[in-house]
Structure formats: C-alpha cells, structure tokens
Amino acid sequence: MRLSRLLLAAALVASLGLSARADDTEAFLNPDNWQGRGELFKIDAKAKTIVGETTEDPKYNTFFATKKKYGDFELSCKILLRDGVGNSGIQIRSVLKDDKKFVVHGPQVDVGKGYFGALYGEGVGGYLLKPKKDAAKPTEANEYKIVVKGNHVTITLNGEVTVDEDFPDNKAKNPAPAEGVIALQIHGGYPKMKVEVTDIKFTDLSKK
C-alpha cells in the first residue's frame with residue numbers, strides 16, 4: 001500500500017512538472033514576437049491580453065501576427081467582440097503576404113456573427129469547415145480552444161467541439177502548411193469595432 005502511494009505521488013509530481021514546462025505563454029506573448037499596425041493592436045503580456053480596435057474603417061483585413069512560425073500547438077483564450085460588432089478570427093499556420101498592411105492568408109478560426117467556431121480559408125478559397133454546432137454567444141466573451149496536431153485541427157467553442165477534422169486541401173489547391181504564423185484579425189468594413197482576447201494560454205506542442 002505504501003509503495004502504491006509513493007508511486008502515485010511520484011506520478012503526480014511528474015505530471016505537474018510536465019504541465020509546468022508545457023506553458024509557453026510568456027514567450028508566445030512577448031511583444032517582440034508580434035508585428036502589426038501599432039495604432040490598431042495592443043498587447044499586454046503580463047495581463048495575457050491582445051486588443052484590436054478601429055476608429056475608422058481600415059478598408060482591408062489587417063492582422064496582428066507572430067514573427068515566429070508554429071506547427072503543432074494548443075491555444076486557449078476568451079474572445080469578445082464589443083457589443084457584438086465586427087468580425088475577427090485567429091489565423092493558424094498562416095503566411096504573412098504583406099508586411100506593410102499586415103495581410104495574412106491561411107486557415108482562420110473564425111469569430112463573428114454567423115461564423116463563430118468555423119475554420120475559414122482567409123485568402124485561400126473561402127470556407128473550409130463549417131461548425132458542427134452553434135455554441136456562440138455573439139455579445140459575450142466566447143471561450144475558444146484550438147488544438148493543432150499534424151494535419152488535424154480541433155476547435156472547441158464554449159465547451160462544444162465545432163470542428164474536429166483534418167485540414168482540407170481544397171482539391172490539392174491549398175494544402176495547409178506544416179507551420180506558419182498565428183495572427184488576430186481586424187476585418188475591413190467596420191468603422192468602429194473592438195476585439196478583446198483575454199486569458200490567453202499557449203503550449204507549443206512541436207517541441208514536446
């Protein structure tokens with residue numbers, strides 16, 4: 001009995017140690033790791049928040065993107081579109097196409113009325129995967145969890161799995177790359193919108 005307890009305690013300690021090492025949030029949210037239009041996006045690494053806000057229509061979709069590329073990872077956060085206005089999303093394994101306007105193309109975990117929880121193809125062929133369930137709270141903070149492993153993506157919205165499939169390749173025209181930038185979107189067409197991403201937690205699974 002004593003040996004079993006010791007083994008259980010050792011396993012628990014090991015588990016806690018692995019969990020502690022798995023949190024890569026601080027490095028992920030380091031402001032030096034991000035690029036975008038500074039007048040639109042603000043990052044607070046200590047508070048684990050990113051906020052994007054417009055006071056006039058930017059006329060195009062613009063992004064706050066990581067400089068580092070990521071392959072396999074787990075990202076969780078809360079996302080609020082203030083007053084339910086606007087459209088946003090989190091790009092995954094994407095490509096920075098314009099480093100002046102900060103335009104990004106690739107798979108996007110969508111955030112917006114009618115689109116919450118979908119996997120959208122930003123600049124790469126439109127919709128990829130529609131959500132299995134409508135779990136959105138359009139005027140409230142929505143809890144997202146994104147897990148990317150190999151060619152598979154799982155999106156959980158407010159505790160409901162909305163996407164759990166391999167990345168589609170649009171008939172081999174737009175296969176998802178093995179790695180790419182992660183980015184937050186401000187959608188053109190909205191004179192005033194504010195997207196707040198809070199409680200961000202990130203784990204880089206590629207190095208595990």
Side-chain angles (χ1 to χ4, degrees), residues 11-53 61-81 88-111 117 119-120 122-123 141-159 163 167 176-186 194-208:
L12 180 59
V13 169
S15 173
L16 290 173
L18 287 172
S19 177
R21 290 196 300 273
D23 189 348
D24 301 302
T25 307
E26 183 176 354
F28 178 68
L29 289 179
N30 186 328
D32 291 338
N33 185 37
W34 292 81
Q35 56 188 325
R37 290 181 54 180
E39 77 276 20
L40 300 181
F41 293 98
K42 305 298 179 186
I43 185 169
D44 187 331
K46 187 175 181 180
K48 300 180 181 179
T49 65
I50 299 174
V51 176
E53 184 173 15
N61 296 351
T62 186
F63 297 80
F64 194 50
T66 62
K67 295 177 182 178
K68 182 178 178 180
K69 295 180 180 179
Y70 298 92
D72 294 353
F73 64 87
E74 180 176 311
L75 170 64
S76 63
C77 61
K78 294 180 181 178
I79 306 179
L80 172 66
L81 286 174
S88 186
I90 298 175
Q91 297 288 142
I92 57 178
R93 289 190 183 175
S94 293
V95 177
L96 182 65
K97 302 293 288 187
D98 185 328
D99 62 2
K100 305 300 182 187
K101 293 183 176 180
F102 297 99
V103 174
V104 172
H105 287 180
Q108 179 190 120
V109 178
D110 216 318
V111 180
L119 186 73
Y120 178 78
E122 175 74 17
N142 288 271
E143 296 186 13
Y144 274 84
K145 181 178 180 181
I146 306 164
V147 180
V148 179
K149 289 184 179 180
N151 196 46
H152 199 85
V153 56
T154 304
I155 302 170
T156 304
L157 173 62
N158 297 323
V163 170
F167 284 99
E179 64 176 13
V181 302
I182 295 172
L184 176 67
Q185 180 193 58
I186 282 181
K194 185 175 184 179
V195 55
E196 302 170 66
V197 186
T198 60
D199 297 345
I200 299 170
K201 184 175 182 181
F202 183 82
T203 303
D204 186 349
L205 301 176
S206 298
K207 66 182 185 181
K208 302 298 185 283

Strictly by side chain to side chain donor-acceptor pair (under 3.5 Å), give each pair with a member in residues 94-103 just once, sequence neighbours left out.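 Qualifying pairs, neighbours excluded: Q91-S94.
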Could you list all the salt bridge (charged side-chain N to carboxylate O under 4.0 Å, His left out) pairs where at least one residue sits in residues 25-41, not counting sequence neighbours?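 Sorted result for residues 25-41: R37-E39.
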According to salt bridge (Lys or Arg N to Asp or Glu O under 4.0 Å), who are the partners of D44, at least two apart in sequence or on a separate chain?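 With neighbours one apart ignored, the set is empty.
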K145: partners by salt bridge (Lys or Arg N to Asp or Glu O under 4.0 Å), with sequence neighbours left out: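 K145 satisfies salt bridge (Lys or Arg N to Asp or Glu O under 4.0 Å) with E74 once adjacent residues are dropped.
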Contacts of type side-chain contact (heavy atoms from CB on, under 4.5 Å), residue K69, not counting sequence neighbours: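 Applying side-chain contact (heavy atoms from CB on, under 4.5 Å) to K69 gives E179, V181.
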Side chains of residues 45-52: which donor-acceptor partners sit under 3.5 Å, not counting sequence neighbours?
none

Just to verify, what does [X] make a side-chain hydrogen bond (donor to acceptor under 3.5 Å, both in side chains) with, not counting sequence neighbours?
X    : value
S88  : none
E196 : R82
T25  : D23
T154 : D164

Taking 4.0 angstrom as the limit, do D199 and K78 come out as a salt bridge?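 The answer is yes: the pair qualifies as a salt bridge.
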Please determine whether a side-chain nitrogen of the Lys or Arg among R93 and D72 lies less than 4.0 Å from a carboxylate oxygen of the Asp or Glu.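 The answer is yes: the pair qualifies as a salt bridge.
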Could you go through I90 and I146, starting from their C-alpha distance and side-chain angles, then the distance that decides it, and tell me whether this counts as side-chain contact (heavy atoms from CB on, under 4.5 Å)? CA-CA 9 Å; I90 298 175; I146 306 164; 4.1 Å; yes
Judged by atom type as modelled, is there a donor-acceptor pair below 3.5 Å linking the side chain of T203 to the main-chain atoms of L205?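 Here the side-chain-to-backbone pair does not exist.
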Under the rule for ring pair (Phe, Tyr, Trp, His ring centres under 6.0 Å), what residues qualify as partners of F73, not counting sequence neighbours?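 Per chain and number, F73 pairs via ring pair (Phe, Tyr, Trp, His ring centres under 6.0 Å) with F202.
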Residue pairs involving residues 32-51 (criterion ring pair (Phe, Tyr, Trp, His ring centres under 6.0 Å); sequence neighbours excluded):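 For residues 32-51, and leaving out neighbouring residues, the ring pair (Phe, Tyr, Trp, His ring centres under 6.0 Å) pairs sorted by first residue read F28-W34, W34-F64, F41-F64.
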